[in-house]
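In what follows, a single structure is set out as structure tokens and then discussed.
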Amino acid sequence: MEKPFFVEGEKRVNRILDTHITVSTERKQKEAKRVSEGTSLQKAVSFTLASGYQLDKEAFDFLNNIAEIEDPLFLIEEAVKKIGDLPQKPLFIDRVFLETMRKGPCAEEKLPSPVPSPSTTESRKTFRPYAKDVEDQVKVITDPTKKICTTGTITEYLGYFQDRFERLKKILQKRIDAKNAVPISVALKAPLKSKLNVIGMVMEKVESKGKLFVRIEDLETSATVFISSNLSREIIAKARSLLLDQVVCISVVKGKSDLLIAKDFILPEVPQKTLHKASEPVYAALTSDIHVGSKKFMEKEFSRFLECLKGNRGNDKLREFVGHIKYLVIAGDIVDGVGIYPDQIEELAISDIFEQYREAAKLIAQVPDYIEVIIIPGNHDATRKALPQPALLKDYAEPLCEARKIHSLGNPSTVSLHGVDLLLFHGRSLDDIAAVAPNVSFDTPEKSMKLLLQNRHLAPIYGERTPIAPEKRDFMVIEKIPDIFHAGHVHVLKCNQYRGTLIVNSGAWQKQTDFQQKMGLVPTPGIIPIVNLQTSKISTLDFTEAW
Ligand code: FE
Ligand code: ZN
């Protein structure tokens with residue numbers, strides 16, 4: 001008899017139609033948040049002590065206060081690193097020091113504040129951009145555009161999830177601690193109290209009467225895993241932060257009847273990596289969410305950026321810096337689009353999508369021609385909305401392609417720029433992660449992006465806000481660990497580093513919209529992160545002030 005795969009696959013596909021969590025989501029989220037905040041604070045304190053420092057009371061209160069919005073452990077790790085570079089090391093870490101650590105969107109080196117340019121151009125040196133004499137090195141490694149072919153049948157969805165499972169299982173099995181994992185069916189038949197590892201896709205998380213259960217499935221069968229409250233807080237927090245439809249390895253003990261009892265959770269994770277570096281000091285300017293056509297598009301600020309690229313703005317030091325920019329990478333939402341959300345028309349300055357792209361083309365045409373421009377679409381752009389998105393549709397983007405040479409790719413794509421691998425993703429799924437994962441929110445996209453790296457998947461949760469097309473191959477699996485992981489979508493500039501990979505969410509060029517105001521989201525538009533591909537240092541240029 002033919003074995004069924006994904007016994008509950010249809011249930012998963014139908015989940016889009018109903019709310020799939022059995023217990024009150026809000027309550028679960030609050031609980032999960034509380035537990036993980038506690039653990040993270042404890043970890044931050046232990047880390048401080050283990051590094052040979054102490055926190056004074058005010059610093060502790062400060063960490064406690066920020067735990068709701070930020071990971072205190074991350075801040076402490078940064079602080080300890082910073083103290084390591086100081087000639088005189090304090091014994092106590094105080095509040096003022098922690099506060100200075102938090103300043104600025106990037107913890108990395110910032111460019112000294114730009115100085116107003118002299119009023120007469122004669123006093124300036126002529127602009128000789130370094131990058132003009134450097135030959136570009138752009139290699140497209142992956143681009144889904146020409147590989148897309150779906151009709152959206154149930155069978156295709158089953159095939160898609162099967163591919164996702166197989167790919168992530170392979171990644172998990174490369175880990176020493178998950179190598180010996182057995183199929184769920186084998187675990188279910190094992191003698192009582194046997195210790196085993198199983199790999200499964202998370203089907204459901206159920207909490208009832210204070211007890212937490214996770215349902216997982218593989219290609220043959222499914223099982224219920226019980227998470228005992230006697231486990232360490234850290235392991236319980238891992239269980240709570242599991243995302244639906246992610247693939248995970250669970251160390252279990254076989255219990256009575258068909259129950260598996262969890263001992264630990266192993267994520268696919270990314271190994272520590274040494275970044276590839278360019279052999280020359282060339283820079284990549286990373287941006288996204290320009291939203292041309294919106295009344296809130298910051299035309300003045302974007303023009304300042306363009307003038308700066310042309311060498312028409314800033315003092316000599318700044319122009320020298322800007323002259324190293326060889327690549328301009330745009331991670332989606334070039335235009336605001338039409339009919340993206342209810343009543344969007346009220347917020348549009350240009351209500352015709354063709355006209356929006358013509359305006360965008362006029363802007364992009366001004367980017368100096370020695371700079372390579374790489375563009376992927378976002379959810380506001382003119383191409384299909386489901387992931388993976390093919391490159392911008394020719395009918396709409398023609399003016400852009402005619403205005404200058406651009407590399408128009410799909411979402412997600414990977415490119416190598418001067419030997420540095422960049423994973424480019426618009427970031428729609430960051431909405432879903434912020435809604436359910438403990439300890440992350442809309443203004444901490446760098447933490448959600450870290451979670452995506454740990455799960456080796458760009459859009460794990462199926463059936464929420466992120467539409468996913470049932471391609472034969474799951475393009476959203478992060479097969480190769482990038483040197484830089486660049487996304488946008490949330491309009492908040494944040495940088496981070498995880499096991500060597502640079503994480504950048506590149507902000508926006510759109511002022512706070514009414515919708516964002518309702519959601520309580522405060523964007524950080526008009527600031528652009530620039531990565532030195534030779535040193536992997538990030539600097540930011542702020543165009544919100546006239547200089
Ligand atoms: Fe956007
Ligand atoms: Zn977006």
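No hydrogens, no waters, no symmetry mates; every other heavy atom, side chains included, goes into these values. Owing to the predicted nature of the structure, the values given are computational and were not obtained by experimental measurement. Note that ligands are numbered from 1 as they come in the structure, with each ligand's atoms numbered from 1 the same way.
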Got a sec: is [X] within less than 2.8 Å of the Zn ion (ligand 2) via an N/O/S atom?
X      : result
His380 : no
Ser288 : no
Asp289 : no

Between [X] and [Y], is any side-chain donor less than 3.5 angstrom from a side-chain acceptor?
X      : Y      : result
Asp333 : His426 : yes
His276 : Asp483 : yes
Gln356 : Tyr396 : no
Thr383 : Gln389 : no

Give the atom name of whichever N/O/S atom in [X] sits closest to the Fe ion (ligand 1).
X      : answer
His291 : NE2
Asp289 : OD1
Asp333 : OD2

Under 2.8 Å from the Fe ion (ligand 1), is there an N/O/S atom belonging to His489?
no
Any N/O/S atom from His491 (main chain or side chain) under 2.8 Å of the Fe ion (ligand 1)?
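Short answer: yes, at least one N, O or S atom is under the cut-off.
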In His489, the N/O/S atom nearest the Zn ion (ligand 2) carries the name ND1
Out of the N/O/S atoms in Asp333, what is the name of the one closest to the Zn ion (ligand 2)?
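It is OD2 of Asp333.
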One should read off an interatomic distance between Ile325 CD1 and Tyr283 OH, to the nearest 0.5 angstrom, of 9.0 Å
Using a 6.0 Å distance limit plus a 45 degree cone around the ring axis, check whether Arg164 lies over the aromatic ring of Tyr160.
no
Glu479, CD: over 12 other non-hydrogen atoms inside 6.0 angstrom:
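Yes, because the 6.0 Å sphere around CD of Glu479 holds more than 12 heavy atoms from other groups.
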